[in-house]
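The next block holds one structure in the form of structure tokens; read it before the comments.
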Amino acid sequence: MASIWEYANPKKFIATTDKLLPWISVLALAALVSGLIWGFFFTPDDYKQGSTVKIIFLHVPSALMAINAWIMMLVASLVWIVRRHHVSALAARAAAPVGAVMTLIALATGAIWGQPMWGTWWEWDPRLTSFLILFLFYLGYMALWAAIENDDTAADLTSILCLVGSVFALLSRYAVNFWNQGLHQGASLSLDKEEHVHDAFYNPLLLCIAGFVLLFIALVFLRTQTEIRARRMRALMARERLGQ
């Protein structure tokens, strides 16, 4: 049985993900299209929120992926710190823009959903505030990578930043449990049936979440391949400069 560390080899990673990408992409597209069509057109309006509740099919999956993308970056950063595998550092770098977009979608859809429910586009609610800070950490992470020429030094510093930002990723997930105040409702998916989303929305929501997860994986695979090739190009250009 192949060890997971074999995929830290750039050639092995690219060869394997080249085979997986078409399948993951098709599954992501199928899950997203079917989940969103089911959710937007074949679920009832909520008795309190009306059709506005259907934003849940974009808001909840993007919010989950915003947090889990950072957790994936944290794991990849820890692998880099401990084992110095370049693919893990490049995978964390590749995931950052995807996670930032997911966070932005969650913030935007949350504002659209919140305005008719709360009477305001924004409230300094614990969960909303921690999500905004998480988005700023995404921007800072990407800016730090771009600001440092040496890839290994950039990987070291961004890994430390990722460790710090993980606090806000956890706060974004559990803020409503830490603080009782705030307008944001509890978790849409919960083991508590009283807090759980209505059964009519449950299955299409799960399908949308699966689509977002698969889309994230496909984009991270594709972007990591791009980062590996870009690193090779930088290394070749550096050798050429030294040879002149």
(request) Flag the pair L78 / L74 as yes when at least one side-chain heavy-atom distance between them is below 4.5 Å, and no otherwise. (result) yes

(message) Using a 3.5 Å distance criterion without hydrogens, assess whether the side chain of S88 forms a donor-acceptor pair with backbone atoms of R84.
(response) no

(message) I'd like to know if the side chain of D151 pairs up with that of W145 as donor and acceptor (distance under 3.5 Å, no hydrogens or angles considered).
(response) no

(message) When you group the ILVMFWY residues by side-chain heavy-atom contacts below 4.5 Å and let the links chain together, are F41 and V53 in the same group?
(response) yes

(request) Please name the pair of heavy atoms, one in T43 and one in P204, separated by the smallest distance, quoted to 0.1 Å. (result) CG2-CG, 4.0 Å

(message) Does any part of the side chain of F57, heavy atoms only, come nearer than 4.5 Å to the side chain of W38, both counted from C-beta?
(response) no

(message) Quick check on the hydrophobic clustering: are L136 and V101 connected, directly or via other members, by side-chain heavy-atom contacts under 4.5 Å?
(response) no

(message) Quick one, L90 and R223 - any side-chain contact, counting heavy atoms below 4.5 Å?
(response) no

(message) Between K54 and P44 (side chain of the first, backbone of the second, donor and acceptor by atom type, cut-off under 3.5 Å), is there such a pair?
(response) no

(message) Do Q225 and P10 have side chains that approach each other closer than 4.5 Å (heavy atoms only, starting at C-beta)?
(response) no

(request) Answer yes or no: is there a side-chain heavy-atom contact under 4.5 Å between L161 and S77? (result) no

(message) With a 4.5 Å cut-off on side-chain heavy atoms, are T158 and M73 touching?
(response) no

(request) Answer with yes or no whether the hydrophobic clustering places I37 together with F201; edges join I, L, V, M, F, W, Y residues whose side-chain heavy atoms lie under 4.5 Å apart. (result) yes

(message) Quick check against the 3.5 Å criterion: does H59 have a side-chain atom that pairs as donor or acceptor with the backbone of T109?
(response) no

(message) Is it true that H85 and N9 share a donor-acceptor pair across their side chains at a distance under 3.5 Å?
(response) no

(message) Under 4.0 Å between a side-chain nitrogen and a carboxylate oxygen: does that hold for K12 and D18?
(response) no

(message) I'd like to know if the side chain of S34 reaches the main chain of A31, judged simply by a donor and an acceptor atom lying under 3.5 Å from each other, with no hydrogens or angles considered.
(response) yes

(message) In this structure, would I55 and V33 fall into the same cluster of hydrophobic residues linked by side-chain contacts under 4.5 Å?
(response) yes

(message) Taking the side chain as everything from C-beta on, heavy atoms only, tell me whether F137 gets closer than 4.5 Å to V164.
(response) yes

(request) Say whether I209 and V220 are linked into one hydrophobic cluster, either directly or through other cluster members, by side-chain heavy-atom distances under 4.5 angstrom. (result) yes

(request) Could you tell me whether the side chain of Y141 and the main chain of P97 form a donor-acceptor pair under 3.5 Å? (result) no

(request) Answer yes or no: is there a side-chain heavy-atom contact under 4.5 Å between L64 and F212? (result) no

(message) Please check this pair: side chain of W70 against backbone of C162, looking for a donor-acceptor N/O pair closer than 3.5 Å.
(response) yes

